[in-house]
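Single-structure report; data block below.
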Protein chains: 2
Amino acid sequence: MASIQDVAHLAHVSTATASRALSRPDMVAPGTRERVLQAARELGYQPNVLARSLRQRETRTIGLIVADILNPFHATLAKGAQDSADQHGYTVFLFNSDEEPEKERRAIDTLRGHLPQGLIVVPTSGTREHLSTLPELPVVELDRVSGNPGSTTITVDNVGGAHAATRHLLELGHRCIGMIVGQQDISTAVERRQGFRTALEEAGVPSDDALVVPGNHREDDGYRAAHQLLSLPAPQRPSALFVGNNEMTVGAVLAVRELGLRIPADLSIVGFDDSRWAQTMSPPLTVIAQPAYELGRLACEHLIGLLGQARPAPPTHVQLPTELVIRHSTGPPPDPSPDRRPHRPPPGPSPLRP
Amino acid sequence: MASIQDVAHLAHVSTATASRALSRPDMVAPGTRERVLQAARELGYQPNVLARSLRQRETRTIGLIVADILNPFHATLAKGAQDSADQHGYTVFLFNSDEEPEKERRAIDTLRGHLPQGLIVVPTSGTREHLSTLPELPVVELDRVSGNPGSTTITVDNVGGAHAATRHLLELGHRCIGMIVGQQDISTAVERRQGFRTALEEAGVPSDDALVVPGNHREDDGYRAAHQLLSLPAPQRPSALFVGNNEMTVGAVLAVRELGLRIPADLSIVGFDDSRWAQTMSPPLTVIAQPAYELGRLACEHLIGLLGQARPAPPTHVQLPTELVIRHSTGPPPDPSPDRRPHRPPPGPSPLRP
DNA sequence: TTGAAAGCGCTAACAC
DNA sequence: GTGTTAGCGCTTTCAA
């Protein structure tokens with residue numbers, strides 16, 4: 001590859017002048033500039049980013065670690081971040097933790113060697129500890145929060161989303177609602193569970209721990225959890241399911257189909273996170289939608305904002321709203337007993353969230 | 001960040017010795033080695049990859065450009081490649097061309113500056129030209145081929161896949177089959193179209209250009225193309241659709257639903273590329289499945305193999321098989337006229353492909 | 001077995 | 001406006 005020396009030589013100038021002509025054109029005489037530019041063009045010169053970064057101690061690079069690139073939600077986060085970085089002249093190094101803290105640790109180590117100027121991470125349970133390795137690096141946590149005090153966070157209103165989903169089911173008349181929830185060491189799972197619980201409490205529906213089944217965010221977990229919930233004995237068996245993430249919803253729907261239950265006639269389902277799949281399955285799925293692309297974009301914008309600061313600014317915390325999208329996977333519960341009142345809002349208080 | 005100088009100083013050795021202790025442990029006395037390793041641990045030392053790469057003129061980095069990271073097929077390719085690279089101690093720089101040659105060009109330029117030791121690319125129409133900029137870089141083309149003579153290629157049997165899909169429809173009795181095909185400057189689209197045509201010819205079914213509608217690989221294109229095909233006047237209107245990629249299949253199915261047609265009673269559909277979505281939509285979609293993860297993995301293995309070579313080896317061309325997965329989106333055509341013969345193989349030759 | 005020194009390609013002080 | 005020079009952090013001769 002042609003180096004700046006080659007360019008300088010061809011243009012009959014020093015490397016310093018060549019460098020200036022390329023990166024600070026106004027510091028060099030027009031004639032010289034043209035000669036250098038011409039030489040660069042001729043040689044197909046492309047600056048060696050390694051050398052430049054080494055010298056300037058600035059890589060114009062940011063690290064991004066998502067938890068599961070095969071999950072379209074995460075792929076969308078990544079695209080939002082990458083598009084934004086691109087606009088600002090930054091390059092993204094994308095890694096995948098596969099939801100494994102150990103893989104995340106390795107990704108962070110690899111990343112460190114490449115000297116990113118900042119890091120965006122969708123945390124796993126190990127993130128808080130891993131981040132303590134790099135106290136001076138600006139960090140934005142995306143979608144989930146690790147509890148690391150210095151991190152800026154970009155999240156959605158998980159509590160509100162889960163609350164809205166649950167309330168929707170309650171208003172349809174469901175009183176026995178199951179939840180399939182993520183691991184409780186992940187913030188989003190905790191928050192969604194909390195929104196679920198709060199909505200039940202507000203409606204005066206007693207909560208039953210047997211109706212809340214945890215899973216590890218993957219399709220299989222949703223499948224297993226749904227089977228578990230739907231094999232409960234009759235009075236306890238839920239007439240509706242709220243599933244805490246998109247992948248587990250897939251598994252749950254497959255389990256429901258396998259059991260021969262009709263949606264929503266026999267069982268209502270609400271998923272968290274919208275997707276292609278949710279829209280095209282039949283019946284189309286009622287979901288809590290999240291602005292995935294915007295989350296990724298914002299994470300990057302905020303990170304790049306942080307890079308401008310001389311002193312580390314206090315971390316900001318952005319929370320975007322979620323939206324209940326009612327499609328056709330939810331309806332009144334089957335075979336209502338006389339004292340329930342299908343098609344009507346439930347009795348008792350049902351305040352809107354502020 | 002701690003540098004090797006810090007480590008050397010703390011261990012009371014020269015930087016040369018510190019460097020050796022870390023990367024060639026057997027070249028250094030056991031005692032010294034331990035001191036250095038201890039110092040490195042203490043300081044949380046992480047080698048500066050930039051400096052190392054600059055010095056060694058070897059980045060242990062490979063570039064990967066996929067055409068659409070939001071397309072699960074491409075995300076899977078990326079994961080296959082990245083996992084494989086990881087195993088070999090290489091780091092992947094992942095870029096996204098968004099099917100735009102211009103974005104691909106920019107990705108390649110950015111990549112060049114980072115001195116990747118090789119490049120894996122899912123080509124766009126501009127790739128062949130762009131690759132001429134980097135004659136000395138080992139390149140593997142993935143899924144599609146650009147025609148660049150030096151590239152190793154990892155593809156699937158698109159002709160055979162399309163042939164099998166078409167033959168399947170013919171055997172069900174369809175005689176009027178529409179195809180939604182990708183842009184003809186993309187190799188996969190050309191090959192799939194060819195497989196389609198050949199199968200029709202072999203069955204003695206006249207091909208009708210009005211039944212082959214091109215699209216630009218995205219959902220919208222599939223939607224529009226399906227509308228166009230299904231609004232043809234009665235005798236020409238297809239009773240089955242073969243759609244040439246996964247995203248366009250989504251659009252086509254949505255269009256079909258919008259028109260109130262039942263699948264497969266009113267219209268059969270076969271898609272190219274399997275997916276979560278294809279398996280869970282209802283009815284589950286008959287597809288030509290491709291080994292996406294394996295494609296990505298192989299691309300990386302082959303590239304890394306290339307890096308070992310002193311002299312550029314002649315490019316190899318790997319083609320993996322596709323598989324017809326029959327689900328429930330295909331069936332006999334509706335309302336057969338007497339001279340067709342639903343449920344039976346078509347008359348005339350219908351040889352199996354070798 | 002270890003250290004001194006050069007140099008990868010680039011940019012930024014500093015001189016002129 | 002341009003050239004000279006030093007040095008980013010690392011590895012690798014070469015010498016001891």
Give me the distances for all protein-to-nucleotides 12-16 of chain C N/O pairs that come in under 3.5 Å?
| from | atom 1 | to | atom 2 | distance (Å) |
| --- | --- | --- | --- | --- |
| dA12(C) | OP1 | Gln56(A) | OE1 | 3.4 |
| dA12(C) | OP2 | Arg24(A) | NH1 | 3.3 |
| dA12(C) | O4' | Arg55(A) | NH2 | 3.1 |

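Note: CE (Met27(A)) to C1' (dT11(C)) measures 11 Å, nearest angstrom. Between Leu115(B) atom CG and dC10(C) atom C1' there is a gap of 12 Å when expressed in whole angstrom units. Rounded to an integer number of Å, the gap from CD of Glu58(A) to P of dC10(C) is 17 Å. Counting to the nearest Å, the C1' atom of dG7(C) and the CD atom of Gln5(A) are 11 Å from each other. Per the geometry, CG belonging to Asn48(A) stands 12 Å off P belonging to dC8(C), to the nearest Å. Rounded to whole angstrom, the span from the CG atom of Leu54(B) across to the C1' atom of dT11(C) amounts to 13 Å. Per the geometry, CG belonging to Leu50(A) stands 10 Å off C1' belonging to dC8(C), to the nearest Å.
More than 12 non-hydrogen atoms from other residues, nucleotides or ligands lie less than 6.0 angstrom from CZ of Arg41(B).
Read 5' to 3', the first and last nucleotides of DNA chain D with an atom closer than 4.0 Å to a heavy atom of chain B are dG9(D) to dT13(D).
His302(A) places no side-chain N or O within donor-acceptor distance of the main-chain N or O of Leu298(A), the cut-off being under 3.5 Å.
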Atom pairs and distances, side-chain donor-acceptor, residues 85-94 of chain B, under 3.5 Å, sequence neighbours left out:
| from | atom 1 | to | atom 2 | distance (Å) |
| --- | --- | --- | --- | --- |
| Asp86(B) | OD2 | Arg106(A) | NH2 | 3.2 |
| His88(B) | NE2 | Glu301(B) | OE1 | 3.2 |
| His88(B) | NE2 | Glu301(B) | OE2 | 3.2 |

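Listed by first then second residue, pairs satisfying salt bridge (charged side-chain N to carboxylate O under 4.0 Å, His left out) with a partner in residues 122-132 of chain A number zero, not counting sequence neighbours.
Put simply, the side chain of Asn216(B) reaches to within 4.5 Å of the side chain of Gln183(B), judged on heavy atoms. Contact check for Thr133(A) versus Ile108(A): no side-chain heavy atoms found under the 4.5 Å cut-off. Side-chain contact check for Pro47(A) versus Met1(A): every heavy-atom pair is 4.5 Å or farther apart. Side-chain contact between Ile65(A) and Leu119(A) is present, with at least one heavy-atom pair separated by less than 4.5 Å. At a threshold of 4.5 Å between non-hydrogen side-chain atoms, the residues Ser125(B) and Pro101(B) count as touching.
Of the residues in residues 33-43 of chain B, none has a non-hydrogen atom less than 4.0 angstrom from any atom of DNA chain D.
Paired with Thr153(B) under the rule side-chain hydrogen bond (donor to acceptor under 3.5 Å, both in side chains), one option of Arg144(B), Gln319(B), His317(B) passes, and it is His317(B).
Under 4.0 angstrom from either OP1 or OP2 of dC10(C) there lies at least one side-chain N or O belonging to Tyr45(A).
Contact annotation for Thr32(B): backbone-only contact, meaning every heavy-atom pair under 4.0 Å involves sugar-phosphate atoms and none involves a base.
Nearest heavy-atom pair, Asp83(B) versus Lys103(A), reported as atom, atom and distance to 0.1 Å: OD1-NZ, 3.9 Å.
With hydrogens and angles left out, the side-chain atoms of Arg35(A) and Gln38(A) include no donor and acceptor closer than 3.5 Å. A donor and an acceptor atom, one from each side chain of Glu99(A) and His217(A), are nowhere located under 3.5 Å apart.
Here the CG atom belonging to Leu295(A) is positioned 11.5 Å from the CD1 atom belonging to Ile120(A), to the nearest 0.5 angstrom.
Each end of the helix from dT1(C)-dA16(D) to dC16(C)-dG1(D) gets its own rotation axis from five pairs of C1' atoms, and the angle between them is 40° to the nearest 10 degrees.
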